[in-house]
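Here is the structure we will look at, set down as structure tokens.
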Amino acid sequence: MPKFIPPTIVQKEPICALATPPGKGALAIVRLSGKNAYAIAKNITHESLLPRRAHYTAFYDANDGIIDQGLATYFQTPSSFTGEDVIEFHCHGNPLVAELLLKTLCCLGARLATPGEFSLRAFLNNKIDLAQAEAIADLINSTTEQAARTATRSLQGAFSERVNSVLTQLVQMRMHIEAHLDFPDEEIDRQQTTQLCKQLTLLEDFLDELLQQAKLGERLQTGATIAIAGKPNAGKSSLLNVLAQSDVAIVTEIPGTTRDPLSADIEIQGVAVRLIDTAGLRETKDIVEAKGIERAQQALAQADLILWLTDVSSDDSQAIPKEIDVNKVITVHNKIDLQEASSLNDNENIYISAKNHTGIDELIAQLALRLLGENVLSENGDTPFLARNRHVIALQNAQQHLRSAQQRLSSANELELAAEDLRIAQQNLGVITGAFTPDDLLGKIFSEFCIGK
Amino acid sequence: MTSKDQQYDVIVIGGGHAGTEAALAAARMGAQTLLITHNIETIGQMSCNPAIGGIGKSHLVKEIDAMGGVMALAADQGGIQFRVLNSRKGPAVRATRAQSDRVLYKAAIRQQVENQVNLQIFQQAVDDLLIENDCICGVVTQSGLTFSAQSVVLTTGTFLGGKIHIGNDNYSAGRAGDPPAITLAKRLRELSLRVGRLKTGTPPRIDGRSIDYSQLEEQPGDTPTPVFSFMGSRELHPQQVSCFITYTNETTHEIIQQDLRLSPMYNGNIDSTGPRYCPSIEDKVTRFAERNQHQIFIEPEGLQTHEVYPNGISTSLPFETQQKFVRSVKGFENAHITRPGYAIEYDYFDPRDLQPSLETKAIQGLFFAGQINGTTGYEEAAAQGLVAGINAVRRTQEQDAWVPRRDQAYIGVMIDDLVTSGTIEPYRMFTSRAEFRLLLRQDNADLRLSEMANELGCLPAKQWQAFSEKREALETQQQRLKSCFVQPGEMGAEVEEKILGKKLKHEYSMYELLRRPEVDFEKLQQLSKQDFSSIPSTVKEQLEIQAKYAGYIERQNLEVEKLSHQEEVKLSPDMNYAAINGLSNEAKQKLMEIKPHTIGQAARISGITPSTISLLLVHLKSKPVQKIAS
Ligand SMILES: Nc1nc2c(ncn2[C@@H]2O[C@H](COP(=O)(O)OP(=O)(O)OP(=O)(O)O)[C@@H](O)[C@H]2O)c(=O)[nH]1
Ligand SMILES: [Mg+2]
């Protein structure tokens, strides 16, 4: 047998994490380490990074929308903190930006690092000297404990109950499918494929709902982005200034004042919100303005919510352009001070005057409703759970595999592939609850069915 | 001192399925090997039901076959009814089963054993093991003969401390009719190995002439008849016969219920654990009382005997009750029982005291294989025998042990399960035990293992050549599929519409087309001018499976790769876990108990968390000396 000789540096699966303390510093550093780190960074920056050189560049998301601008530095193996290929992204200190960047990295094949994992890799690759070993051990211990504590806290109540309930149902389904596969000769009451499909649909719906709630929970943790858009001169910059309660943006009566997207961070009902003011949308020959409009459109594509601002005193058409996802839109009718007749707000239409600050409270209430759903109305303001980004990713993965299982099940020949999808779905949910020990599927089969001819 | 002609490299004790594969593997590798059995006539005997293979088990058989073992070939020579189970499901869960003529099967094994170079047989019971400084150096037989060897493989099956129960009667025994190996059992109990007790049961055998077959459901074998061995062929098969199916009924259940207190399992005479997947009929009627019938699968014992094996009614009830309930079954009204059913209790050694090589942790050079390790089934036994035989030889050559990983073979899954988790009931293979099930198919056992077998020196040259040819054909055809394109309308648009549901819009590689669920080679042939008729059918099958499973295979491979780092970090058996900073007491205790061989194995111990693994890695690194292990 050829004996395996490990190379001095083993590049493991790529991991990423925020390297600076969470919160709103001026600067955040996101670190990426492992196999393919360079290729992933190329996807993010659209640039071929040179080792040990800080590149000023844009950071793109999976749809080529710009997340932020900042510095990217490539540390080539073995000359890096972990010894693997490492990329450091320096972005703005806003937690939303860092989260977005991490999300994109995860889409590109990295996963979020566990506590102490960077240090651990550094240590295993001889990057940290031996004396520090004990310190790392302590770190791993304390951080995992802390993470576990936070996890159990955030998993208390509704969320963990629901994830566990999905898990139980999943295990039950797997038990039936495995019984089909391992005991085809036995006379046992196996569930038929149609029944399993039905169950799977229910489970998918359940997971869907859970995912929505997790996303909501995640929003509480990580905040949301709201973009203000509209025709030139609708009063977008004025609204930004009102909501931010400071003169962030230049306001003039000249259409086309705002060029680069401008942002301000505010808080709505405990949710961190990044407001983005964008260039007014119109046909233009001005190159600079056209570039601004391009960026505006990118910002709109990424935003969680869009305030489509109209000027009630204008006679021009102010219809929502078809590129904009109307599901994310609240139409805000501005300058009602210039109009006699008053109109009534509803979920999609809010009437304000940015000049006189009328209707602003109503607008904020509507935003809160959209961001937090019905929960905002509950007395104690308790949200169902505080989900983390990794929870959302795990739920999404699980969901994707449930869908795939559904597809495989409907064609009877692919029961073993459905089984594989369900196994992975369960693995993903296990990541959330921290269930490491495999379930005794066979034990369940034997206790439920009379096996043994 | 033993004379020169009593010196061997490897001694194998026991001539069952584990013993024969162990001895044959060792001898194939060139080691001077001695197989000692208390009775040469029982070599290759099927002591339980007369079938080889089945789901999970046939995967093991094909793997043994791919390693040059003999079980599959003997099944081809002795098989009197062949079926592919799960034939309508995907390839990963398909399995072959061969009902076997006991006499023909045994003869096939005996022939292999007798004709194997480097292998000698000796008949006598072994009473003692010669151990010096915790190293094995030989064995002593009943009459005081001594044989010496650096490696000894113990495969003594149910003979160890066996006790048979029929009703309230019980007596010491091996398999029905064989003497128990009490002296050796006593000797082994003195060693520092943990011993447990298990039980299993058999049904009464019935004279087929007393069965009214006209009342039973017939189950013929598959046509075309499946072939078991990679080196086998249909021409090897003897005459084919059918199996039959009947059912118990409410009267049967009443009879059993009435006499339940006479069953040693229910009156406390037996308290050891039986297999949950093979419950006695007493168990079935009690635990699943709502069922008004249970299936009985009637397996022929052979072509030259009338005796049949009614699988599904294993029992330890008194003989009179057995007769009463058997005769209440449809078709069995006049059944004559030729041998009563019984339950047998026996010793097994906790497999957590074994290294993955199947060498005992306590005694260097002493290997255990088969039922002695808490498993059940011929296939499980044979697979362990193979591994123990190989490693017994490697031990004498001071080479690293060979153990397939969980992603390489069911054999690896079984061994890892046993040495990591132990077992509380007789361990049997199921496909659901293998997380990499889609990679571990019976159809690709040769592709997974034959190259390794060749490197280890246990693959016959003829088999290596046949395998190499197949693999080459596979690679050539795979290239061809990827580089040849089907043009739209190549064979007419109607054919495309008929097969694919719509016309081809642009050219497609053959591989892309084959990946579609509705396309197989036959359809591909209709779509293309290329000629596929010269490709061997096994190669076609393999190409189809690889194309259809491609996405899933890739994902499982990624998972394997992710875990492989953990498998490559070795842990020393001398590691003092108690002294590792930061480990929880539970983790320390479990690690001390199992003494895992790799970080990967440690991670599979129940209750070991990822942070424990991180701490272990840190510890290993800070004490680099301990990184080198066995
Ligand atoms: N009467 C009235 N005037 C307003 C109101 N809101 C904004 N304006 C005026 O409308 C003009 C344009 O305001 P901005 O906030 O710069 O508009 P904008 O949409 O950002 O314009 P661009 O950046 O050029 O696209 C300014 O003169 C504002 O003072 C309002 O509620 N009432
Ligand atoms: Mg503006």
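By convention in this document, chain letters (A, B, ...) are assigned in the order of the sequence lines, proteins followed by strands, and residues within each chain are numbered from 1.
Interface summary for chain A: among T612(B), L438(B), L85(B), the most heavy-atom pairs under 4.5 angstrom belong to L438(B). Of the listed residues (R433(B), K562(B), R555(B)), the greatest number of heavy-atom pairs within a distance under 4.5 Å of chain A belongs to R555(B). Top candidate by heavy-atom pairs under 4.5 Å with chain A, chosen from L558(B), I580(B), T431(B), is T431(B).
Note: I424(A) CD1 to E559(B) CD = 6.0 Å, rounded to the nearest 0.5 Å.
Here the two rings, on F183(A) and F430(B), have centers that are under 6.0 Å apart.
A search for side chain to side chain donor-acceptor pair (under 3.5 Å) contacts involving R31(A) returns E88(A), not counting sequence neighbours.
Residue E518(B) places its CD atom among more than 12 non-hydrogen atoms of other residues, nucleotides or ligands, all under 6.0 Å distant.
Contact of E435(B) with chain A is made through backbone and side chain together, with heavy-atom distances under 4.5 Å. For R428(B), no part sits under 4.5 Å from any heavy atom of chain A, backbone or side chain. Proximity to chain B (any heavy atom under 4.5 Å) is restricted, for K35(A), to the side chain, taken from C-beta onward.
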request  = Apply side chain to side chain contact (heavy atoms under 4.5 Å, CB included) to E420(A) and F436(B), showing your working.
outcome  = CA-CA 9 Å; E420(A) 171 71 1; F436(B) 299 113; over 6 Å; no
Criterion side chain to side chain contact (heavy atoms under 4.5 Å, CB included) on H180(A) and N86(B), from CA distance to verdict = CA-CA 9 Å; H180(A) 267 284; N86(B) 272 339; over 6 Å; no
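Proximity of S432(B) to R174(A): side-chain heavy atoms (C-beta onward) are nowhere separated by under 4.5 Å.
E416(A) and Y552(B) form no side-chain donor-acceptor contact under 3.5 Å, judged by distance and modelled atom types alone.
Closest non-hydrogen pair, I55(B) versus D182(A), comes out as CG2-OD1, 3.3 Å.
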